[in-house]
Number of protein chains: 2
Amino acid sequence: MNYIESLQQYKLKVTPQRLEILDIIYQYGHINIDDLYNLLQKKFPTISLATIYKNINTMCDNLLLSEVKIPNKKNLYELTKTEHIHLICTKCDNVSDIELDISDLQSKIELKSDYKVIDNSIVFSGICPQCLKENNE
Amino acid sequence: MNYIESLQQYKLKVTPQRLEILDIIYQYGHINIDDLYNLLQKKFPTISLATIYKNINTMCDNLLLSEVKIPNKKNLYELTKTEHIHLICTKCDNVSDIELDISDLQSKIELKSDYKVIDNSIVFSGICPQCLKENNE
DNA sequence: CTAAATGCAAAGCATTTGCAAATAT
DNA sequence: ATATTTGCAAATGCTTTGCATTTAG
């Protein structure tokens, strides 16, 4: 992946820690700070939470990463991508992304509220297909 | 309002602190812990944050209250009401509720993901009508 | 070479817990 | 009368800050 260019684009130094953070987030899709810390320790036994927080924060500030707030869960972080909806499984905690055009909903909201809508954060929760299957066995 | 019955329904004791918490949340619509603490101190100068947290937690557990997670904001609390969407103004931080049927969106999501959807948390952010007006002056 | 990043320790907030005293039922 | 709640103080947990050292460009 070309994290290197992304980092350089924002004048952030390309450090091995940052590359690994981005790589883990890419692999996992969504991850919280603690899980990220545990995974990073495999490659960087002395990495500190301070480093992780600093990096997550600067990369969120530069919109390389996005923070995902999910009810009753620790914040998750993901690579910034095109607008999408989050789906969380309340059984297994798996989070999926789903791309769906919501311009319809957005116009309805603007009409009804007279707000000028700029952004959104949409999370649905339920049971994922795997857990549904396991339930019926 | 009939907070008394609601509390009794969940076998929670009707204390003046709880009534005031519910009354403030009702009045403000959405409030964070700090603001709630400041307002409560007017009537209960010795109230402690521990009491507030304990009450918010038990009332959330009993679904009397709901927690609202909004990007870049402290958690807000509201009285549990019929499903609705939250709209936050990025200029003035005002939060509005908007009731809109989203069954359409929900079926699309279920179709596309094979999840059985149970709940949702939808937050749109933008500029509220008042701030839009002030911007153009 | 120098500006930024890392990692440690300490500080700063937010939230929870334990417990004695007060209160609701 | 009893179980719950309150409010204090202490503890815990999460995140940030300061600073000396290291590293990227």
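The sequence lines fix the lettering, A, B, ..., with proteins before strands; numbering per chain opens at 1.
Regarding A/Tyr37, its OH atom lies at a distance of 13 Å from the C1' atom of C/dT6, rounded to whole Å. For the pair B/Tyr53 OH and D/dG13 P, the interatomic distance rounds to 16 Å; values are reported in whole Å. Here D/dT4 presents its P atom at 14 Å from CG of B/Asn55, a figure rounded to the nearest Å. In this structure, A/Tyr10 atom OH and C/dA5 atom P are separated by 15 Å, rounded to whole Å. Nucleotide D/dT5 holds its C1' atom 6 Å from the CZ atom of B/Arg18, rounded to whole Å. Rounded to whole Å, the distance from NZ on A/Lys74 to C1' on D/dC14 is 9 Å. Distance, A/Ile56 CD1 to D/dC14 C1': 14 Å, rounded to whole Å. Atom pair A/Leu19:CG and C/dT6:P shows a separation of 10 Å (rounding to whole Å applied).
Between B/Leu12 and B/Ala50, it is B/Leu12 whose nearest contact on DNA chain D lies nearer the 5' terminus.
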- request: With side chain to side chain contact (heavy atoms under 4.5 Å, CB included) as the test, would you mind laying out the steps for B/Arg18 and B/Leu12 before giving the verdict?
  value: CA-CA 9 Å; B/Arg18 281 181 178 158; B/Leu12 301 176; 3.6 Å; yes
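Taking only distance into account, the side chain of A/Lys54 meets the base of C/dG7 through a donor-acceptor pair shorter than 3.5 Å. Scanning atom types as modelled, one donor and one acceptor separated by under 3.5 angstrom connect the side chain of A/Lys13 and the base of C/dA3.
Under the 4.5 Å side-chain contact rule for hydrophobic residues, A/Val123 and A/Val117 do not share a cluster.
In this structure, of D/dC8, D/dT6, C/dG7, it is D/dC8 that holds the atom nearest to the side chain of B/Thr46. Proximity note for A/Asp34 (side chain, C-beta onward) versus C/dA14, D/dC14, C/dC8: the nearest is D/dC14.
No contact: B/Pro45 has no heavy atom under 4.0 Å from any strand.
Considering only side-chain N and O atoms, A/Ser48 lies nowhere under 4.0 angstrom from the phosphate OP1 or OP2 of C/dT6. OP1 and OP2 of C/dT23 both lie 4.0 Å or more from every side-chain N or O belonging to B/Thr15. The phosphate of D/dG7 has OP1 or OP2 within less than 4.0 Å of a side-chain N or O from B/Gln17. Under 4.0 angstrom from either OP1 or OP2 of C/dT15 there lies no side-chain N or O belonging to B/Asn57.
Ionic pairing of B/Asp35 and B/Lys74 is not present here: no N-O contact between side-chain nitrogen and carboxylate oxygen is shorter than 4.0 angstrom.
For the residue pair B/Tyr115 / A/Ser96, a side-chain donor-acceptor distance below 3.5 Å is found, with atom types taken as modelled.
For the atom pair B/Ile109 CD1 and B/Asp114 CG, the distance stands at 13.0 Å (nearest 0.5 Å).
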